[in-house]
Each structure stands twice: as structure tokens, then as C-alpha cells.
Amino acid sequence: MKKIQSLLLGAAFAAAAIGFNAPAADACSRVLYVGSDSLRIVGRSLDWKTPIPTNLYVYPRGITKEGNTLAGSVKWTSRYGAVYAVGYDGGVTEGMNEKGLVINGLFCKGTVYINDSTSGRPPMSLAMFVAWLLDMNATTADVVTVLQQHNFNISGATFDGGTVSALHWIVTDATGATCVFEFDHGNINIYQGQDIPILTNDPAFPKINAINDYWVKVGGENMLPGGVKSPDRFVRGYYFDGHVAKTADADLGVAITRSIVANVSVPYMYTVDGGEPNVSSTQWRSFANIRDLRYYFDIVTNMGLYYIDLSTINLKPGAPILKLDTSKSGQYVGCINNLLQPSPGFTPMY
């Protein structure tokens, strides 16, 4: 297993203020494909019990934003343009900025964002958290610095019948520097490494790596777990990611990554006899080509795969916000830059 570094930040544990208080969905897998000639592609699946309407937005630099409407909330003016995947048109799930920084949020049961020591810090909504990090940081090291300072207090609206977004995140930059960060009773655990290949959901990152270490010794050519629970998907993704050919070709790299993510996805409309609240179908997949600044989107009920070429879009201050309403057609394929429409932007679900 690639070397990781753990940093425990914050004050002593206190009573939980935010937790995962609705039926959980064991959701999402993220894979990093490292090819040749600096080709890196971050692929992920978004798994949930019901469809999550997700639109794509491109924001230019120079826009002033706020992390919450509460008094004293975090405010910033964006340094970098970025593409966001916005769930329910109200919160940023993930994205990539013009420097090739990619951030993906995945569910992680047991997450608790705050404790007594964080309550007086500037408010930051989960709806804007990823946007803030992408807007203001060029590298994984920059993000780690922000997390170490921890000058914010996370909160978030519920969605889909009362679900609280209990998440952990993985950050990847153009050099392959990577970090996973998880909130543990208001403290932030950060695990850093080079080209960390896989993340799924629970258990927490050190424990799921221990499970994977067992399977590495078994040898994936002999046996792999075939279920859809988080550890099974982690193990399969890790094995296949380490046993595919390296290429510098962007299209082939996306195809390879797409096939790995498909292998760790949950079949659409899959159900377990007797009910299983921790299993959810894959709703969509994304692929961020960091080298070439292309962000691909793949809704499982659509016919094709399409992408935004961030390198050819005007991201200068004063440029319009652009939006693709993904519900308008299931026939999109290839580059859809010409289908992006000027937009007032999304309304955060603070």
C-alpha cells in the first residue's frame, strides 16, 4: 500500500452536533488512473438510492462568494475558474479547477463535522465547501494548509427526506499529490500520499486500507471480493487500477478508467432481497482528465459520454457563468462546450 501520512487536527473530542441521522446509502467509488506522459484521470461513481439531479456549472475567476448566510461566514473572491457538479442545483458534489485540482466528496458513515471548539469559527456550508477549496487553491498542499488551519465550521442542509451529508473527501492535483481528509468529532484526519489510487466509503481510510492489505496478499489474480459493499469495491478498484496498461492517449485513458469504475459500480436498480439500506445504485460517473483539463460526465440512463473542455473556455474575471442542464437531453456525446448556456449560477442549499 502506498505510504500515507496521518495528521490529527483540532481540539479534544466533544459531543457530536452533526451526524448521519438518516438511513445510510453506502455510496460512491473513486479511482485514479496514472498513465504515461503525465496523464492522470480521476474517475468516480455516484451511488444513491434515488436519482440525484446533477447539473454542470463553469464559474470564471473573480466572483465573490460566501460559505453561508450566517453572520461571520467565510467569504472569498475566486482565484481560479472551475467546473462544478452541482447536486439538486444546490450543492457542489465535486469538481476540477483550471490548475487541475480535483476534489471528490464521498459518503462516509460516522462523520461528525463539529465539536465545542469549532462552534465559534466562521460558518461554512457543505453546499459551498468544495467550491471554496477549488476557487482558492492550486495544489493539494494548498488544501492541506487550509485544513490544518481549520478556520471554518461545517454545517449543511438535509436533503432527500432528511439525510445529512456525512462525507469524506479526496483531493488530487496535477502532480499526483493526493490527500484524503475525514472529520472525526470535529477533528480533521488527513492522509497524504502520491497518486493514492482508490477511495470508497466506510470504514475510515486507515481501516479500509488494512482490509485491502489482506486482499493484496491473497492476490487478485486468484480471488477478489465480488460484492457491492464499500470494502469489496475498494479492493477490486485497487487491484484493477494496478493491473491495466499505461497510456498517454487521453481517449484510451478515459476508456480504461471508465471500465474500472464500471467494475466497482452498483448495477442500476439493483436491490437486495429483504432490503439493504446500505446498498445503492450508481446514478452517474465522472472522469476528470487533469492533464488536458477535460471533465467528463456519464449519466447511467443516458446513451453517451460527454465532456467539458475547461482549457478552451473563457475563465477571465467578468466572463459569464455557464451551465449545462443535464436533464434536457439523454443524447449528449463528445465535447459539449457549445451547449453551455449563460446562467446566474446555482442557489446554494445552505
Side-chain angles (χ1 to χ4, degrees), residues 30-33 38-46 52-63 65 78-105 130-131 133-135 137-138 171-174 249-258 261 283-346:
R30 172 269 189 199
V31 174
L32 172 62
Y33 171 78
S38 301
L39 180 65
R40 286 182 171 84
I41 298 170
V42 176
R44 71 86 50 86
S45 66
L46 189 288
I52 295 183
T54 303
N55 292 320
L56 305 182
Y57 285 83
V58 177
Y59 274 70
R61 306 170 214 126
I63 297 180
K65 305 175 187 178
S78 56
R79 296 173 183 162
Y80 307 110
V83 54
Y84 308 143
V86 181
Y88 299 100
D89 246 11
V92 179
T93 302
E94 65 167 32
M96 175 174 67
N97 72 17
E98 62 180 299
K99 294 297 184 180
L101 184 72
V102 177
I103 302 178
N104 310 99
V130 172
L133 295 177
L134 289 171
D135 287 355
N137 299 286
V171 183
T172 314
D173 70 17
D249 181 86
D251 292 339
L252 180 57
V254 169
I256 292 170
T257 312
R258 193 181 187 194
V261 175
Q283 304 293 330
W284 54 259
R285 307 177 185 99
S286 69
F287 306 91
N289 176 342
I290 294 174
R291 183 191 68 186
D292 302 312
L293 295 179
R294 292 181 174 182
Y295 181 82
Y296 296 75
F297 208 63
D298 181 14
I299 298 175
V300 297
T301 54
N302 285 7
M303 297 300 293
L305 176 71
Y306 51 88
Y307 68 91
I308 291 171
D309 186 346
L310 202 61
S311 70
T312 62
I313 293 177
N314 180 10
L315 299 175
K316 295 179 180 178
I321 298 169
L322 301 173
K323 176 183 179 180
L324 180 75
D325 186 335
T326 63
S327 69
K328 292 294 185 182
S329 174
Q331 304 298 316
Y332 299 138
V333 66
C335 183
I336 51 85
N337 282 23
N338 63 335
L339 299 176
L340 296 169
Q341 298 295 317
S343 168
F346 70 95

Taking the side chain as everything from C-beta on, heavy atoms only, tell me whether Val92 gets closer than 4.5 Å to Phe346. yes
Side-chain contact test, heavy atoms from C-beta onward, threshold under 4.5 Å: evaluate it for Val83 versus Tyr307 and give yes or no. no
Mind checking what makes side-chain contact (heavy atoms from CB on, under 4.5 Å) contact with Arg61, not counting sequence neighbours? Glu98, Leu315, Lys316, Pro317
Evaluate Thr326 against Asn302 for side-chain contact (heavy atoms from CB on, under 4.5 Å), listing each step before the verdict. CA-CA 10 Å; Thr326 63; Asn302 285 7; 5.9 Å; no
In short, Pro60 meets Pro320 closest at the heavy-atom pair CD-O, 3.9 Å
dist Leu339:CG -> Leu56:CG (nearest 0.5 Å) comes out at 11.5 Å
So, Asp298 side chain and Arg285 main chain: donor-acceptor pair closer than 3.5 Å or not? no
Taking the side chain as C-beta and beyond, is there a heavy-atom pair between Tyr306 and Ile299 under 4.5 Å? yes
Which pair of heavy atoms, one from Ala250 and one from Ile41, lies closest together, and at what distance? O-CD1, 4.1 Å
Could you walk me through whether Asp135 and Tyr84 satisfy the side-chain contact (heavy atoms from CB on, under 4.5 Å) test, starting with their C-alpha distance in whole Å, then the side-chain angles of each, then the deciding distance to 0.1 Å, before giving a yes or no? CA-CA 10 Å; Asp135 287 355; Tyr84 308 143; 2.5 Å; yes
Counting only N and O atoms by type, is there a donor-acceptor contact under 3.5 Å from the side chain of Arg44 to the main-chain atoms of Gly105? yes
Looking at Asn97 and Asn137, would you say the former's side chain and the latter's main chain have a donor-acceptor pair under 3.5 Å? yes
Which value, rounded to the nearest 0.5 Å, describes the distance between Ile103 atom CD1 and Asp173 atom CG? 10.5 Å
Once rounded to the nearest 0.5 Å, what's the spacing between atom OG of Ser343 and atom OH of Tyr57? 4.5 Å
For Ile290 against Gly100, the heavy-atom pair lying closest together: CG2-O, 3.3 Å
Is there any salt bridge (Lys or Arg N to Asp or Glu O under 4.0 Å) pair reaching into residues 325-343, and which pairs are they, with sequence neighbours excluded? none
Contact summary for Val102 and Met96, nearest pair of heavy atoms: CG2-CG, 3.8 Å
Can you find a heavy atom in the side chain of Thr93 that is under 4.5 Å from one in the side chain of Val130? no
With sequence neighbours excluded, residues passing side-chain contact (heavy atoms from CB on, under 4.5 Å) with Ala138: Tyr80, Lys99, Asp142
Atom pair CG (Asn55) and CG (Leu324), whose distance is rounded to the nearest 0.5 Å: 7.0 Å
Pairs in or reaching into residues 84-93: which pass salt bridge (Lys or Arg N to Asp or Glu O under 4.0 Å), with residues at least two apart or in two chains? Asp89-Lys323
Kindly compute the distance separating CG (Leu46) from CD1 (Ile52), expressed to the nearest 0.5 Å. 5.0 Å
Can you list the residues that meet the side-chain contact (heavy atoms from CB on, under 4.5 Å) rule with Asp251, with sequence neighbours excluded? Asp249, Arg294, Tyr296
Is any side-chain heavy atom of Ile308 closer than 4.5 Å to one of Asn337? yes
Do side-chain atoms of Ser286 reach the backbone of Phe297 as a donor and acceptor pair under 3.5 angstrom? no
Residues at least two apart in sequence or cross-chain that pass side-chain contact (heavy atoms from CB on, under 4.5 Å) with Ser38, listed by chain then number, are Arg291
Could you grab the distance from atom OG1 of Thr312 to atom CG of Asp292, nearest 0.5 Å is fine? 11.5 Å
Just wondering, do Ile63 and Ile321 contact through their side chains at under 4.5 Å, heavy atoms? yes
So which heavy atom on Leu134 is nearest to which on Ala82, and how close? CB-CB, 4.4 Å
Determine the minimum heavy-atom distance between Gly90 and Val86, stating which atoms define it. N-CG1, 3.5 Å
Quick check: do Arg30 and Thr172 have side-chain heavy atoms less than 4.5 Å from each other? yes
Heavy-atom side-chain proximity of Phe287 to Leu305 below 4.5 angstrom: yes
